[in-house]
There are 4 protein chains.
Amino acid sequence: MKQEITKHSVKLFQEKGFSETSIQDIVDSLGVTKGTFYYYFKSKEQLLMDIHLRYIEDLLNRQKEIIEKEQNCRNKVIKIVKLIIGDIKSTQANGRVYFREMRNLKPENAEIIKTKRTEFRDNLEQIIIEGIEAGEFRNTLQPKLIALGILGVTNWTYQWMNPSGDVSVDELAEMFADFVLHGIHV
Amino acid sequence: MKQEITKHSVKLFQEKGFSETSIQDIVDSLGVTKGTFYYYFKSKEQLLMDIHLRYIEDLLNRQKEIIEKEQNCRNKVIKIVKLIIGDIKSTQANGRVYFREMRNLKPENAEIIKTKRTEFRDNLEQIIIEGIEAGEFRNTLQPKLIALGILGVTNWTYQWMNPSGDVSVDELAEMFADFVLHGIHV
Amino acid sequence: MKQEITKHSVKLFQEKGFSETSIQDIVDSLGVTKGTFYYYFKSKEQLLMDIHLRYIEDLLNRQKEIIEKEQNCRNKVIKIVKLIIGDIKSTQANGRVYFREMRNLKPENAEIIKTKRTEFRDNLEQIIIEGIEAGEFRNTLQPKLIALGILGVTNWTYQWMNPSGDVSVDELAEMFADFVLHGIHV
Amino acid sequence: MKQEITKHSVKLFQEKGFSETSIQDIVDSLGVTKGTFYYYFKSKEQLLMDIHLRYIEDLLNRQKEIIEKEQNCRNKVIKIVKLIIGDIKSTQANGRVYFREMRNLKPENAEIIKTKRTEFRDNLEQIIIEGIEAGEFRNTLQPKLIALGILGVTNWTYQWMNPSGDVSVDELAEMFADFVLHGIHV
DNA sequence: CATGAATGAGGCTTCATTCAT
DNA sequence: TATGAATGAAGCCTCATTCAT
């Protein structure tokens, strides 16, 4: 039931936004009553925190795997781009909530998520640094800004991507990986 | 007074979010009363629409100027990247509201903004297409996706940029223009 | 278990008040679940009634003993003052609940308690009457009002007494018995 | 309107208790809507605080007057007894709320009221001390406890007094003043 | 132009109670 | 005996909006 509530909530939050979705909306979509919601969650905010935590922790785990498995930095970057974009179909709702609604967390919870978010970004930055040292990447790059640029490319996808649209996810991931590596110039 | 209200609202919307900011918050920050607000705006949503319209129309105008003035596509892209990032200091609040709060517009208003948003993106896509035809850009690129990728790099900036932080806006614009053109690979 | 529940409830009701204490609070303090509570008590109100009944019936029994044992009215009054104040340490929580929460009983239950309360007061009034007739007490006293005055002195103690404070219970009982008998004037 | 709300609230709190009275009850009794209540009061608790403050400050002022005007301690005590009981008719509701509902104040507000309550008691204690020194009162008395005893007699009245009942307020005040001074013993 | 009182709908949350297991 | 999931009513409070002045 807790999972059921989470699932429906993510869907609604994604469609209407966190503040715009009422507990009533959530329980109505499940056919239960408000009491049930509060049996499983201490507050609406805690549900949001749950969603955030689950999302970022999953991302961090899979990022770690990539870093350990892949040999060169080029492939690490490609795989991370594909990681974020790749499962957009299954987790787009989750991702949208994650990228948009952090503001609604209490300061102490926001801090926790922010720390993990920073960790993810730092890991990417580290790959850029190592890639430069290994001669894989151009040595004029500023690793921190580039990491943020790459995340812009991938995360922004969650704003416009229409999973039932005409763009194939795999195709998009390939295109973006290529774009990140080589830019647009001939 | 209307401008005063808009200015303070943008600041508050950016800090706390549209739904989380009450009319009371707005008028308190101005030292006036609610009646005054409703003398100038028909509704809270109309104020948000005003903010959106002003922002996107300004962007579109300046984009048009760039397209007309610059000779080659390479420079057009560079200038557009710098356009979005360049005035982040003066309009970050505006930009954040623009990128985050469109969901709170009424369907008919959202449609209007969406059209202009699409126009901005289409213009960029057109530049990519022309650049490819002119041999400036790689011909393996999918123009629409690349346009979205570039916008990801630039628009995402509004999420993490701290205007009082240590990253110089000019430096950032240069770095991102370079990143967009040449990617990270040697 | 029923006694255990009662004991913990009294403690919580005294600290936070009846309305402010939830069944959840009670069962949490015992490490059991709500079902258990409702196995032993029909309702929250019935628990409160139990507490009231037990308290007043004990008082009435001990008052009766005093009335039967003591020879003169002076001693009867002294002993009753000491009865109420004397076991404040062991039953302060009970007493506080008794003096404060009667309002939360259902009308029919409130009536039952009120009757017993009146009985206790009437017994005291009767002692005053007999004391006046016997020439022990001043014959200008209005027995009913004086009974209420004496109960004020004693019952009010439950409002301010801090059992772990610096006032000794015995000392207090002596002082109040003396005060009731002789007043403050020289 | 604010006064109107306060007046009706006091009446309801006295009848049903603070926790048992809903904002809805209050506004219904006035024929207005909930919004109106919250236009005048920040919270239910603040209304309670208002009631408490008004009551104790009035008492303190009138106590001060008595202390300044009356010449001997005997009369000061008599006047204070009559002060508390005297206006029971006009302020019984207020008094009941004051004596019963302090628990529902936030800790910081409770502290403020407690301080003023203590001030009132300390003033009475001071009168006892001076009375003993002046030879008006018996020197075996413990001033602090006696002050609490006297307050028991008077304050308890708010528990049982039925203003429309058969006991005359003046008569009661006389009787209790006499009781406090001379006790019950011949 | 501006105020400030009033509305009413809706939001989050708590809680006593029930009931199948 | 005891559990724990579920209910539904009710409570406090916020807020966009209206309107007489």
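Within every chain, numbering begins at 1; the chains are lettered A, B, ... in the order of the sequence lines, protein sequences first and strands thereafter.
Taking every side-chain heavy atom of T33(D) into account, dT7(E) is the closest of dG4(F), dT7(E), dC12(F). Nearest nucleotide to the side chain of S43(B), out of dC15(F), dT7(E), dT17(F): dT17(F).
Here NZ of K116(D) is found 4.5 Å from CD of E57(D). Values are rounded to the nearest 0.5 Å.
Between Y38(A) and dT14(E) there is no side-chain N or O to OP1 or OP2 distance below 4.0 Å.
Computed from coordinates, the L48(C) CG to dC15(E) P distance equals 17 Å when rounded to whole Å. Between the CZ atom of F37(D) and the P atom of dA9(E) there is a distance of 20 Å, rounded to whole Å. Distance E20(A) CD to dG10(E) P: 15 Å, rounded to the nearest Å. Rounded to an integer number of Å, the gap from CD1 of I26(D) to P of dC13(F) is 10 Å. The distance from atom CG of D28(A) to atom P of dG8(F) is 12 Å, rounded to the nearest whole Å. In this structure, the CD atom of Q46(C) is 12 Å from the P atom of dT18(E), given to the nearest Å. The CE atom of M1(A) sits 9 Å away from the C1' atom of dA6(F) (whole-angstrom rounding). For F41(A) and dT14(E), the CZ to P distance is 15 Å, given to the nearest whole Å.
Both G31(B) and K42(C) lie near DNA chain E, and the one whose nearest nucleotide falls closer to the 5' end is G31(B). Heavy-atom nearest nucleotides on DNA chain F were determined for T21(B) and for V32(C), and the one closer to the 5' end corresponds to V32(C). Comparing K44(D) and F18(B) by the nucleotide of DNA chain F that holds the closest heavy atom to each, the one mapping nearer the 5' end is K44(D).
Among the protein residues, T36(C) comes within range of the nucleic acid bases, having at least one heavy atom under 4.0 Å from a base atom. Among the atoms of the strands shown, only primed sugar atoms or phosphate atoms (P, OP1, OP2) are found under 4.0 Å from some heavy atom of Y40(B).
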Would R103(A) and E101(B) count as a salt bridge (Lys or Arg N to Asp or Glu O under 4.0 Å) if you check the C-alpha gap in whole Å, the side-chain angles of each, and the deciding distance to 0.1 Å?
CA-CA 12 Å; R103(A) 191 181 5 172; E101(B) 309 289 3; 3.0 Å; yes

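R117(B) and E111(B) are not joined by a salt bridge, as no carboxylate oxygen comes within less than 4.0 angstrom of a charged side-chain nitrogen.
For K34(B) against dT17(F), a side-chain N or O and a base N or O form a donor-acceptor pair under 3.5 Å.
Across all strands shown, the partner of dT13(E) is dA10(F), judged by Watson-Crick or G-U wobble contacts whose two distances both fall under 3.5 Å. Under the Watson-Crick or G-U wobble criterion, with both distances below 3.5 Å, dT17(F) is paired with dA6(E).
When Y55(D), F120(D), Y158(D), F13(D) are each tested for a ring-ring contact (aromatic ring centres under 6.0 Å, His included) with Y98(D), only one passes: Y55(D).
In this structure, a donor-acceptor pair under 3.5 Å is present between the side chains of E45(D) and N109(D).
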